[in-house]
Amino acid sequence: MRTQVAIIGGGPAGLLLGQLLHRQGIDAVVIERKTRDYVLGRIRAGVLEAGLVRLMEEAGVADRLHAEGHVHHGTRIAVDGRMFHVDFSGLTGTPVVVYGQTEVTRDLYDAREAAGLPTEFRAEDVAIHGADTDSPHVTFTRDGTGHRIDCDFVAGCDGFHGISRQTIPLTVRREYEKTYPFGWLGVLSRTPPVHDELIYVSSERGFALCSMRNDNLSRYYIQCALSDHPSDWTDAAFWAELKRRLPPEVADRLVTGLSIEKSIAPLRSFVTEPMRWGRLFLCGDAAHIVPPTGAKGLNLAASDVHYLHEGLRQFYRDNDCTGIDAYSERALLRVWKAERFSWWFSGLLHRYPDMSPFDLKMQQADIAFLRDNRAQQQAFAENYVGLPY
């Protein structure tokens, strides 16, 4: 098979890139290790920055997002039983949209299938060859049969554990990582959200987050030990602990129910540099991971896609390499700003095992400054709704 761009990874980053390239008349094949149903079964975050919404519009897949997504003009932050509001729209003129990552992925798959674009599912033993030459190609097997795709460029959108980043030699790439000494226990339940905006909670018992997918599907998280396992937590124990961390008026409104999904996610900050090697480009989790506190994972992947699709369009339309040559530098400038925000916001709200009394006082002062200072709220809001591309 021959294509212009081989996209490794059929998650939202790879699919969004493929759809944007298709709209520009650029051929791309998506290569995915799992099945479509498996990919759509992943439960992920769903706070979309305005930049991602615009990309979905540009890709022609935003109709359902606009019909079913929930526009949020701000968020609530609760500290030791008291809440304050950060007004995104009032401070920046820009809201965010709550729309599940699963739904973003579904919309992109539906558009890809409607256009008859090629997607290679159940691709095993994927390997990238000649990325540092002018003639790269990708090989994989399926049901014991080998396949080869020749291409001009390879887009590695296959996540942290994928082959793309590992293809870049260790002599070329440099990795930066921070692991956090706690995880998030998350529960998905068919219950109405406790509030019409997200509530971030800092309490003496640890962090909590009240989120939602739609009017009848809620997502809740509590900070937990890394040694915990989801089976350690019954539904009753989870709801009881969540209520202990919420302000009383919120806890009294909480509607509980059976969990339909329960999992623990470790928290990590990770960046690899560069995000380009020859004709291989890394996008999304293949290049960087953020703790979920700032809702930046999917949105950072989207900004990568924006820079890469712009560069490829410039290359094919104008025979101009400026965009692809600048891809890594441009993407990383935004990546590191989002990493900083996610790291700072995580430190603001979580209780760390080794916190000294001084550390706790500094955390409390930082939260008070955010609560009481409009300039700090504006900086927070600008980062949360998404820095410009």
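Heavy atoms from other residues, nucleotides or ligands lying under 6.0 Å from NZ of K361 number 12 at most. Atom CG of N319 sits in a sparse spot, with 12 or fewer heavy atoms from other residues, nucleotides or ligands closer than 6.0 Å.
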Task: side-chain contact (heavy atoms from CB on, under 4.5 Å) evaluation trace for I26 with F153 - done: CA-CA 11 Å; I26 300 169; F153 301 99; over 6 Å; no
- [ ] Show your working on side chain to side chain donor-acceptor pair (under 3.5 Å) between E177 and T179 and close with a plain yes or no.
- [x] CA-CA 7 Å; E177 184 172 19; T179 57; over 6 Å; no
Task: Test ring pair (Phe, Tyr, Trp, His ring centres under 6.0 Å) applied to Y109 and F121, step by step - done: CA-CA 12 Å; Y109 266 131; F121 291 108; 5.8 Å; yes
Open item on the list: Walk me through whether L312 and I324 qualify under side-chain contact (heavy atoms from CB on, under 4.5 Å).
Closed with: CA-CA 6 Å; L312 291 171; I324 58 175; 4.1 Å; yes
TODO: Walk me through it: do E58 and R23 pass the test salt bridge (charged side-chain N to carboxylate O under 4.0 Å, His left out)?
DONE: CA-CA 8 Å; E58 187 177 345; R23 302 270 287 191; over 6 Å; no
Task: From CA spacing to verdict: side chain to side chain donor-acceptor pair (under 3.5 Å), T322, D320 - done: CA-CA 6 Å; T322 303; D320 184 350; 2.6 Å; yes
- [ ] Evaluate the criterion salt bridge (charged side-chain N to carboxylate O under 4.0 Å, His left out) for residue pair R33 and D158; output intermediate values, then yes/no.
- [x] CA-CA 9 Å; R33 188 167 59 94; D158 50 348; over 6 Å; no
TODO: Test L370 against D366 for side-chain contact (heavy atoms from CB on, under 4.5 Å), laying out the working first.
DONE: CA-CA 6 Å; L370 175 62; D366 208 1; 5.9 Å; no
TODO: With salt bridge (charged side-chain N to carboxylate O under 4.0 Å, His left out) as the test, would you mind laying out the steps for R106 and E103 before giving the verdict?
DONE: CA-CA 5 Å; R106 191 187 311 278; E103 304 312 312; 3.4 Å; yes
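A distance of 9.0 Å separates NE2 of H73 from CG of D87, quoted to the nearest 0.5 Å. For the atom pair CD1 of I168 and CE of M275, the computed distance is 9.5 Å after rounding to the nearest 0.5 Å.
A 4.5 Å side-chain heavy-atom check between D304 and R334 finds every atom pair outside the cut-off. Contact annotation: the side chain of Q223 never approaches that of Y180 to less than 4.5 Å [non-hydrogen atoms, C-beta and beyond]. Contact check for W233 versus L185: side-chain heavy atoms found under the 4.5 Å cut-off. Using a 4.5 Å cut-off on side-chain heavy atoms (C-beta onward), L198 and Y384 make contact. Annotation: side chain of E273 is in contact with side chain of Y176 (closest heavy-atom distance under 4.5 Å). Between I367 and L348 there is a side-chain heavy-atom pair separated by less than 4.5 Å. Residues E49 and K296 form a side-chain contact, since some pair of their non-hydrogen atoms from C-beta on lies under 4.5 Å apart. Between H195 and V250 there is no side-chain heavy-atom pair separated by less than 4.5 Å.
Among R279, Q4, R2, the one residue that satisfies the side chain to side chain donor-acceptor pair (under 3.5 Å) test with D152 is R2.
Closest approach of C157 and S164 over heavy atoms only: N-OG, 4.4 Å. The minimum heavy-atom distance linking G10 with V39 is given by the pair O-CG1, 3.6 Å. Contact between S189 and L258 at its shortest, heavy atoms only, is CB-O, 3.7 Å. Listed here is the closest heavy atom pair of A6 and V138: CB-CG2, 4.0 Å. Heavy atoms only, all atoms of each residue included: C151 and H137 are closest at SG-CA, 4.3 Å.
Judged by the 6.0 Å and 45° rule, K337 forms no cation-pi pair with F341. Stacking of R268 on the aromatic ring of F160 is recorded, both the 6.0 Å distance cut-off and the 45° axial limit being met. The cationic atom of K243 (NZ for Lys, CZ for Arg) does not lie both less than 6.0 Å from the six-membered ring centre of F238 and within 45° of the ring axis. Within the cation-pi definition used here (under 6.0 Å to the ring centroid, within 45° of the axis), R276 does not qualify as a partner of F281.
Side-chain N or O atoms of T141 include none that pairs as donor or acceptor with a backbone N or O of G144 at under 3.5 Å. H72 places a side-chain N or O within 3.5 Å of a backbone atom of D196 that can act as its donor or acceptor partner.
In the hydrophobic clustering of ILVMFWY residues, with side-chain heavy atoms under 4.5 Å counting as a link, F207 and L360 come out together. One hydrophobic cluster, built from ILVMFWY side chains closer than 4.5 Å, holds both L300 and W336.
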